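When reading the values below, keep in mind they use all heavy atoms of this one structure, side chains included, and skip hydrogens, waters and symmetry mates. This one's a predicted model, so the numbers in the text were calculated from it and none came from an experiment.
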Amino acid sequence: TQAARVLASRVGRVGAAVLLRGSSVCFLVGLALASSPRVLLPFYWLRAWTATSPSALTESVLNDYAPAKHVRGLLRYYNYH
């Protein structure tokens with residue numbers, strides 16, 4: 001997403017992916033500990049966004065180290081399945 005790109009421009013692609021995945025885990029813990037239904041929906045949305053937004057960043061880092069075009073296709077397949 002656009003916010004993930006902005007974060008990646010400030011801290012790097014790997015740093016942004018780690019921060020977003022870590023945030024996703026924190027929001028997941030928050031979901032488990034939430035007692036009010038009013039808190040659940042924002043935590044769910046934030047967790048879903050932080051869990052899915054670094055996928056393009058992760059793919060671009062993996063593609064930097066993939067040696068051939070057919071291997072990149074395999075990386076994309078395993079990233080989405």
Is there a path of hydrophobic side-chain contacts, each under 4.5 Å between heavy atoms of I, L, V, M, F, W or Y residues, that connects [X] with [Y]?
X     : Y     : result
Leu31 : Trp45 : yes
Leu41 : Phe27 : yes
Val18 : Leu20 : no
Val39 : Val25 : no

Side-chain touch Thr58/Arg21, heavy atoms, less than 4.5 angstrom: yes
For residues Leu57 and Ala16, report the shortest heavy-atom separation together with the two atoms involved. CD1-CB, 3.8 Å
Using the side-chain contact (heavy atoms from CB on, under 4.5 Å) definition, which of the options Thr50, Thr52, Leu46 pairs with Ser24?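 Exactly one option meets the side-chain contact (heavy atoms from CB on, under 4.5 Å) with Ser24, and it is Thr50.
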Find the distance between CZ (Phe43) and SG (Cys26) and round it off to the nearest 0.5 Å. 9.5 Å
Got a second to check how far Ser23's OG is from Leu28's CG, nearest 0.5 Å?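 CG of Leu28 is found 12.5 Å from OG of Ser23.
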